[in-house]
Amino acid sequence: MKNWLNRADHSPTDSPQTEMKAFVMLPITQHGAMGGGIIALCLLLLFREQWFLDQTRRGQNLVRWCGPSRAPWVFRAILLAGISFGGLLANGTIRPIQW
């Protein structure tokens, strides 16, 4: 990078923006966005676990099927599987079928 304090060798076409390419935005793929969304949704539900089990029909069904002591553990296992799937999808390990 040139010394910008020395104006003698400065041309009108030179600028710090054209020389500095350190902050390059990488394109976000569709798979990366979907994986990130899955991870975010699973983390949100992990923090709102009790609300989900008490207030939603699916959570109440899970409590009825597994019992009140086992349902949170089953729900956590499902969410951890979702987080793992989202991470693998986001980094490109899992590639869905493209039509």
Side-chain angles (χ1 to χ4, degrees):
M1 190 165 119
K2 294 180 182 178
N3 183 1
W4 291 101
L5 296 175
N6 185 2
R7 299 286 181 182
D9 61 350
H10 179 32
S11 71
T13 59
D14 290 342
S15 70
Q17 289 80 20
T18 59
E19 284 192 9
M20 292 183 62
K21 300 289 183 185
F23 300 107
V24 177
M25 291 291 295
L26 295 176
I28 297 175
T29 63
Q30 192 174 21
H31 304 98
M34 183 64 74
I38 291 170
I39 291 171
L41 183 62
C42 288
L43 286 175
L44 176 71
L45 286 174
L46 193 61
F47 288 114
R48 302 286 298 184
E49 168 190 318
Q50 196 60 45
W51 171 84
F52 183 84
L53 293 174
D54 291 341
Q55 301 297 323
T56 64
R57 185 177 35 157
R58 293 178 193 256
Q60 291 168 359
N61 287 340
L62 186 63
V63 170
R64 190 169 44 249
W65 294 331
C66 300
S69 62
R70 249 179 110 195
W73 290 103
V74 172
F75 187 62
R76 289 177 198 144
I78 292 169
L79 291 177
L80 288 176
I83 291 170
S84 300
F85 172 75
L88 292 173
L89 183 63
N91 76 5
T93 303
I94 295 176
R95 295 186 212 165
I97 298 173
Q98 297 193 1
W99 302 99

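Keep in mind that this is a model prediction, so the values were computed, not measured. Worth knowing before you read on, the calculation uses all heavy atoms, side chains too, and leaves out hydrogens, waters and symmetry mates.
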Minimum heavy-atom distance [X]-[Y], with the two atoms named:
| X | Y | answer |
| --- | --- | --- |
| L46 | R76 | CD1-CG, 4.2 Å |
| F75 | L45 | CE2-O, 3.8 Å |
| I83 | C42 | CG1-CB, 3.5 Å |
| C66 | V74 | SG-CG2, 4.0 Å |

Hydrophobic cluster membership, I39 vs L80, 4.5 Å side-chain cutoff: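 Yes; L80 is reachable from I39 via cluster members.
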Cluster link L41 to I38, ILVMFWY, side chain under 4.5 Å: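 Different clusters: L41 never reaches I38 through Ile, Leu, Val, Met, Phe, Trp or Tyr contacts under 4.5 Å.
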[atom1]-[atom2] distance between [X] and [Y], expressed to the nearest 0.5 angstrom:
| X | Y | atom1 | atom2 | answer |
| --- | --- | --- | --- | --- |
| W51 | L44 | CH2 | CG | 8.5 Å |
| M34 | I94 | CE | CD1 | 13.0 Å |
| Q55 | Q50 | CD | CD | 9.5 Å |
| T56 | L62 | OG1 | CG | 9.0 Å |
| L53 | N61 | CG | CG | 11.0 Å |

Test: R70 cationic atom under 6.0 Å from W73 six-membered ring centre, within 45° of axis: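 No - R70 does not lie over the ring of W73 by the 6.0 Å and 45° rule.
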Any side-chain heavy-atom pair of P96 and L89 under 4.5 Å: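 Yes, their side chains come closer than 4.5 Å.
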